[in-house]
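Notes to accompany the following structure.
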There are 2 protein chains.
Amino acid sequence: MATDIAKAERRVPLTRERVLRAAIERADQGGLEALTMRKLGQELGVEAMALYHHFANKDDLVDGMVDLVFGEIDLPDGGPDWKRAMRKRAVSVRDALLRHRWAIGLMESRRTPGPANLRHHDAVIGSLRAGGFDIATTAHAYSLLDSYIYGFALTKMNLPFETSEEVGEVAQAMLEPFPAGEYPHLMEILTDHVMQPGYDYGDEFEYGLELILDGLAKMHDQA
Amino acid sequence: MATDIAKAERRVPLTRERVLRAAIERADQGGLEALTMRKLGQELGVEAMALYHHFANKDDLVDGMVDLVFGEIDLPDGGPDWKRAMRKRAVSVRDALLRHRWAIGLMESRRTPGPANLRHHDAVIGSLRAGGFDIATTAHAYSLLDSYIYGFALTKMNLPFETSEEVGEVAQAMLEPFPAGEYPHLMEILTDHVMQPGYDYGDEFEYGLELILDGLAKMHDQA
DNA sequence: CCTGCTACTTTACGTTGTAAACCTGACGCC
DNA sequence: GGCGTCAGGTTTACAACGTAAAGTAGCAGG
């Protein structure tokens with residue numbers, strides 16, 4: 001009995017799952033460069049080297065993190081309304097990428113994609129095929145959509161400002177070292193559009209997405 | 001005279017320019033993680049710390065590299081044929097990004113953009129405005145185009161294969177750990193399309209670009 | 001009681017960015 | 001001509017990183 005209590009007080013053992021959750025949380029908050037084996041271990045009440053009993057190396061850990069992110073994305077249903085399914089999927093991917101910005105450059109680069117990754121790809125292709133796209137157009141559509149979604153997340157992540165108010169300071173700091181009037185068009189669009197109250201770069205996503213979906217619909221009907 | 005010869009044999013002094021060129025070359029070949037201050041110094045016949053007389057820190061160096069890449073991009077002319085100008089610019093950006101893959105995640109993230117960066121943005125906005133786009137639609141168009149271009153470069157860079165022949169091995173290695181028939185649609189598109197001789201993922205770029213340009217033309221005419 | 005395994009710790013190594021101090025040859029100035 | 005100043009390098013040093021290698025504590029099964 002005494003030993004049982006001693007056991008209960010013992011640290012709960014690590015699992016891949018628990019490590020991955022903690023790793024994602026850290027990366028979400030501080031970016032990938034804040035994710036070091038030592039700090040991650042510390043957060044879990046463990047030395048860094050303990051992690052290597054559950055992951056071959058840091059890359060293996062990152063592979064696992066990426067597949068968990070893929071798992072957060074809603075799979076498109078297989079119904080005939082491919083447009084609705086693609087819209088929903090696009091928004092879901094964008095949301096996941098903005099929740100986990102560190103993942104943007106990694107989602108497709110892993111040489112050993114996890115099951116959630118493959119299932120996701122399979123479902124998207126299946127949805128387009130079920131919607132009536134032939135193979136070649138499916139490939140076009142998938143490339144176009146993913147390029148746009150990932151690119152949007154990438155450029156949004158990289159923007160040095162978040163809110164409409166911040167833009168003012170940042171823009172001023174950027175342009176300050178240069179003679180006034182050097183970049184008139186940039187200046188105009190910043191002051192007359194981006195810095196206007198209510199502007200949110202995030203809203204651009206839907207505009208581009210609808211334009212692309214409409215274009216794909218045209219291709220779909222032509223085929 | 002003897003001293004002159006001694007002088008001539010002396011090392012040519014470093015300049016920002018010379019360092020940046022060497023840094024870009026290294027990064028082009030080995031990626032950003034191959035770019036270390038020590039190796040870069042070694043390549044230039046100098047100790048690592050010597051670089052800090054020309055750059056405040058590594059970030060400053062990377063800022064300079066990014067602006068050189070921006071300088072390689074053809075500026076759009078200001079003529080009324082905005083579509084031609086945008087097409088040419090898009091291809092030029094894509095080419096620059098594929099030459100300098102390390103730059104893709106960095107182009108827009110620098111808090112202190114260089115002159116080539118700002119000039120580039122200014123010229124693109126100017127070209128769209130000259131083509132007849134109003135301010136709001138210009139913002140939409142720019143966001144859409146850049147998201148697509150950067151996203152395409154990102155996804156292409158991240159593909160674990162380059163040639164059509166490579167796909168076979170890589171795909172097999174990827175799917176090998178899973179039961180056959182687990183991902184039928186993925187399987188189909190790989191075998192019946194991607195692995196077919198002559199397929200090149202790079203060709204997808206033009207397809208998507210034309211679709212987007214056509215969509216923008218429609219918006220242009222409606223306004 | 002021994003054996004061996006699992007989960008974790010300890011120690012150590014090479015590599016990274018970079019702070020701080022030091023050296024050295026060229027140039028301006030009286 | 002001598003002398004201070006300084007730009008442009010070198011040397012040394014440090015903390016943080018990923019991770020190899022070896023050690024250890026506690027339990028399971030014979």
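Convention: sequence-line order gives letters A, B, ...; per-chain numbering from 1.
- In this structure, B:Leu44 atom CG and D:dG8 atom P are separated by 15 Å, rounded to whole Å.
- A straight line from CD of B:Gln42 to P of C:dT16 spans 10 Å, rounded to a whole angstrom.
- Taking atom CD on A:Glu47 and atom P on D:dT24, their separation rounds to 16 Å, with Å as the unit.
- Residues in residues 186-196 of chain B take part in these side-chain hydrogen bond (donor to acceptor under 3.5 Å, both in side chains) pairs, two or more places apart or across chains: A:Arg129-B:Glu188.
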| said: Within the 4.0 Å limit for protein heavy atoms, which parts of nucleotides 16-23 of chain D are touched? Write it as a string from 5' to 3', B for base, S for sugar-phosphate only, - for none. | reply: -BBBBB--
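- Listed by first and then second residue, the side-chain hydrogen bond (donor to acceptor under 3.5 Å, both in side chains) pairs involving residues 47-73 of chain A are A:Asp63-A:Arg110, A:Asp63-A:Thr112, A:Glu72-A:Arg99, A:Glu72-A:His100 (not counting sequence neighbours).
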| Between A:Arg21 and A:Glu17, does a salt bridge (charged side-chain N to carboxylate O under 4.0 Å, His left out) hold up when you go through it step by step? | CA-CA 6 Å; A:Arg21 298 252 173 250; A:Glu17 179 79 9; 2.8 Å; yes
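- Residues passing the salt bridge (Lys or Arg N to Asp or Glu O under 4.0 Å) test with B:Asp146 are B:Arg89, sequence neighbours excluded.
- The nucleotide whose nearest atom lies closest to any side-chain atom of B:Ala50 is, among C:dC8, C:dT10, D:dT10, D:dT10.
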Can you give each donor-acceptor pair under 3.5 Å made by side-chain atoms of residues 29-39 of chain B, sequence neighbours left out, with the distance rounded to 0.1 Å?
residue, atom, partner, partner atom, Å
B:Thr36, OG1, B:Lys39, N, 3.2

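- Here ring-ring contact (aromatic ring centres under 6.0 Å, His included) pairs that include residues 150-178 of chain A, with residues two or more places apart or in two chains, are A:Phe152-A:Tyr201, A:Phe152-A:Phe205, A:Phe178-A:Tyr183.
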